[in-house]
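To start, the structure itself, in structure tokens.
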Amino acid sequence: MRERYEPAEVEAAAQQDWAAAGTFTVREDAARPKYYCLCMFPYPSGKLHMGHVRNYTIGDVLARFMRMQGFNVLQPMGWDAFGLPAENAAIENGVAPAKWTRDNISHMKRQLQALGFGIDWSRELATCDADYYRWNQWLFLRMLERGIAYKTTGTVNWDPVDQTVLANEQVIDGRGWRTGAPVERREIPMYYLRITQYAEELLGALGRLDEWPERVRTMQANWIGRSEGVNVTFPWRVAGRAGELRVFTTRADTIMGVTFVAVAPEHPLAELAAQGDPGVRAFVDECRRSSVMEADLATMEKKGVATPLSVTHPLTGADVPVWVGNYVLMAYGEGAVMGVPGHDERDFAFAKKYGLPILPVIDVEGRGYSTDAWQPWYPEYGRCVNSGAYDGLDYAAAVEAIALDLESKGLGRRQVVWRLRDWGISRQRYWGCPIPIIHCPACGDVPVPDAELPVRLPEDLVPDGSGNPLAKSKAFVECRCPKCGAAARRETDTMDTFVDSSWYFFRFACAGNDRAMVDGRASYWMPVDQYIGGIEHAILHLLYARFWTRVMRDCGLTAVDEPFRRLLTQGMVLNEIWFRKPASGRIVYYHPSEVADGRLKADGQPVESGGVGTMSKSRRNGVDPQELVDRYGADTARLFMMFAAPPEHTLEWSDEGVEGAFRFMKRLWKTVHAHVQGGPAAPVERAALDAAQRGLRRQAHQALAKVGDDIGRRRTFNTAIAAVMELLNAIARFEDASPRGRAVMQEALELVVLMLSPFVPHAAHAMWRALGHATMVVDEAWPRPDPAALEQATVEIVVQVNGKLRARVQVAAGADEAAAREAALADPGVARFVAGQTVRKLIYVPGKLVNVVV
RNA sequence: GCCGGGAUGGCGGAAUUGGCAGACGCAGUGGACUCAAAAUCCACCGGUGGCGACAUCGUGCGAGUUCGAGUCUCGCUCCCGGCACCA
């Protein structure tokens, strides 16, 4: 063992030893309990960022810890390799997305290896490989057969200059990101997956995901959005035509307060009205031109237009005018609402603006209602008034009575409506998984036969920003109809990349099978025991994966329905933001390393602080993990990230903090070095130790118990590391070169190395060898705390008088209340506060505390 | 607007079941070593009063429950995140 800690040398040697032994290559083994530890796979954007390092360090610590607990641990890694950035890079640099992606993968793989993650690389996959995405296509065809996948028209953002479809993130302030042209809405045919069919199950099962963060479960529940209500029919008749307008409402109790109905601009009734009314036509067309994004819709002014149509109130028979409103969403419920201005804020505003009558029909605890101005309590539940037969009923009774009456007339039924919508997976993009459909002029849309899968994506195309290069590739598009053999066109849309990430965890478990999507190996490994990734995937990715897994289950491919048993969402990595705002021109950002005490090092002039924020290229506050590893080694980088904050919190970058972690590594190394210079130590003779030796031994075993609990149960890696630091501080104070002292020292250092080995595996590997072991520390079992070491003859208890801390006294370990009372009252510090008063009561918490109440 | 989470020293954070507030680290201060600096080591490090022992206040604000509250209850303030014209 060298005296100096040389991370580069230590880390290369450890990695070589692991590789030579095939340490992380795992096989299914029915005799051992399995543990599948998975981190969300990265998008190969170029190089690793700090968020990756944090994510994969958390996973690696858990994987190594569980391995030491005796589990057969699988920790795989792959690449979420399809997506828009590869096309953008192609547009900028003229490089094919395939080459760009694969170059990035090989670079990032080397970086991951340098960080020492215990990954089974034999299972690596990239979603852009045909032997992966062929199974996307295969399962898509099964979904078509089962009616889970279907085709219908959908709305997209259309850039009229580039003649291309834009993703939502390519629309900036309603304009195309490259052309600046106002974006239009377009209706085009797209494929959808019927996730709504699984809404009830996806929502219900959230309750059983008790090892997921509450936050994520709530977010998913809100997203799925279950509403119970009544679907009400308003019949209409106009110029010889008749029909029924349906609306959904959760407030059937207010139905007697309906003074208008409003339909979405895309609603068939709006179209009908527009045919005979230029005013309505103009309004509907205006709505169509506005943004497709709902966030924008929400902030738009509420506007509407009256139509010449009216409908019949299902209970009163009154005529109710039909309006078209821009605030009515076609995609939710029936695309139409009943207007109850008395008790709905939007309807109230709408009625005020257009002079529609406002009729209060709910009385809330006798509070006075005025139609002059909206009051926040107007939508509260109460008793029906102005409602004929329903007067006096409360919310539940009124809904019940009204639903029954509507049902008996055939003009309504109770209904559950979901906010969740079906998943549109068609993307008019090149770099994605081709949708395996052939369009035949005679046979229509024909699925590609299984035997012809995969439909391979040509890898030599270079997008130029206008349209989808696939559509321009004759070799790809032109084909024969599988049914009739006639000339046909291949579908050029590709799948949403969320499809790729919805089942990759199954594929890791049965890598390399070219005959089936999954096999028996997947039933050994699945479900994933611990999944780790960013909170930004709390809704879409995790919901799609839960859905896709259920589809696989219903296709008989797996018995699992929840893919991820336990979920950890790690916080983001933040850094300081510094900038200057010139009088004219754009804000200039400075890297925190260029700034000291609020001044730019280069010119000594002040810069403005933007607080802390996520590391990003645009704000120039990123820290490159590579520089960190080059300078301090992977172990220090890993240690700092795990120590600086609990895994779910945001982590503020601190160069000083990294220095602190490095200092700790050097101190630990030096301590081990100094110890092993003394030659081999004898085994600990438990019975023959003096007080100081027993003390260190107790601290070591206490730390061991805490660290095991912190990693295994609490996942508070920061406190685990703090406990080891505390132990090392105690070790440093322990100066005892006697044979017995050296034996205790040897044991304590071995425990430190074992406890730290999940965090700093390379240094632990070297120090374990230095401490005299032929084995690799990575193969060691997690030690059990020795109960004998934890025993104490006396314990310190705190003494309070009236709840205020007044003294600490030593009592025998198993002391009863009488003994504790005696010791407490005998203490002079306590006596001072008790003197002259009567002890009314005495609380004793054994081994901890006495509270004297006077 | 609705839902969720949070607020503890100069900073990141700890206090796990209602029982010693501030573990551990960073920054800072003083000292040792050094010609000097870096590195390293030692000590101190919430406020106020006191030479000191010690006392006293202190976990966003206001109440409450309790022998005892950072932790529980009620009411506020502010911050962060999610959803958001969802009928």
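Note that these values count all heavy atoms, side chains included, but never hydrogens, waters or copies made by symmetry. Letters go in sequence order (proteins before strands), and every chain restarts at 1.
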Pairwise C1' distance for B:C42 and B:G46, with rounding to whole Å | 23 Å
When you compare B:A32 with B:A37, how far apart are their C1' atoms, in angstrom units rounded to a whole number?
-> 15 Å
Consider the side chain of A:M725, meaning its heavy atoms from C-beta on, and name the nucleotide among B:C86, B:C24, B:U40 that approaches it most closely.
-> B:C24
Measure the distance from CD on A:E228 to P on B:A87 and round it to the nearest whole Å.
-> 12 Å
When both distances are under 3.5 Å in a Watson-Crick or G-U wobble arrangement, the nucleotide paired with B:A36 is none
Determine the Euclidean distance between corresponding C1' atoms of B:G9 and B:G64; express it in Å to zero decimal places.
-> 28 Å
A:N222 CG to B:G1 P, in whole Å, measures 17 Å
A:D655 side chain to A:W653 side chain, donor-acceptor N/O pair below 3.5 angstrom | yes
Is any side-chain heavy atom of A:K848 less than 4.5 Å from a side-chain heavy atom of A:E796?
-> no
Does a donor on one side chain and an acceptor on the other come within less than 3.5 Å for A:Q810 and A:T794?
-> yes
Flag the pair A:E648 and A:R715 as a salt bridge only when some basic side-chain nitrogen lies within less than 4.0 angstrom of an acidic carboxylate oxygen.
-> no
Heavy-atom donor-acceptor pair, A:E656 side-chain to B:G25 base, under 3.5 Å | no
To the side chain of A:R421, which of B:A55, B:U16, B:C86 is closest?
-> B:C86
Can you list the residues that meet the ring-ring contact (aromatic ring centres under 6.0 Å, His included) rule with A:F248, with sequence neighbours excluded?
-> none
Is there a donor on the side chain of A:R663 or the base of B:U40 sitting less than 3.5 Å from an acceptor on the other?
-> no
Taking only the side-chain heavy atoms of A:R667 (C-beta and beyond), determine which of B:G25, B:G19, B:C20 contains the nearest atom.
-> B:G25
What interatomic distance, in whole Å, is found between P of B:C45 and the corresponding atom of B:G10?
-> 15 Å
Quick note, A:T218 side chain, CB onward, closest among B:C3, B:U56, B:A87 is B:C3
Heteroatom pairs (N/O) under 3.5 angstrom, protein to nucleotides 10-14 of chain B:
unit_1	atom_1	unit_2	atom_2	d
B:G12	O2'	A:A644	O	2.9
B:A14	OP1	A:N718	ND2	3.3

Interatomic distance where NZ belongs to A:K352 and P belongs to B:C85 [whole Å] | 25 Å
Under 6.0 Å from the six-membered ring centre of A:W223 and within 45° of its axis: does the NZ or CZ of A:R419 meet both?
-> yes
B:G12 and B:G18: how far apart are their C1' atoms, nearest whole angstrom?
-> 27 Å
Contact list (N/O, under 3.5 angstrom) for nucleotides 46-52 of chain B vs protein:
none

Span that lies between the P atom of B:A63 and that of B:C57, in whole angstrom | 16 Å
Provide the distance between the two C1' atoms, one in B:U59 and one in B:G6, to the nearest whole Å.
-> 13 Å
Donor-acceptor contact below 3.5 Å, side chain A:T233 vs main chain A:E244 | no
Applying side-chain contact (heavy atoms from CB on, under 4.5 Å), run through A:F348 and A:D344 and close with a yes or a no.
-> CA-CA 6 Å; A:F348 187 94; A:D344 181 280; over 6 Å; no
Check whether the side chains of A:R631 and A:T636 place a donor and an acceptor atom closer than 3.5 Å, and report yes or no.
-> no
Does one side chain, of A:N851 or A:R806, offer a donor that lies under 3.5 Å from an acceptor on the other?
-> no
Syn or anti for B:G9, with syn set at within 90° of 0?
-> syn
Of all the choices, B:C85, B:C20, B:U40, which nucleotide is nearest to the side chain of A:K670 once you look at every atom?
-> B:U40
Please determine, for B:G60, whether a Watson-Crick or G-U wobble partner exists with both distances under 3.5 Å, and give it or none.
-> B:C76
When rounded to the nearest Å, what value does the distance between C1' atoms of B:U71 and B:A15 take?
-> 10 Å
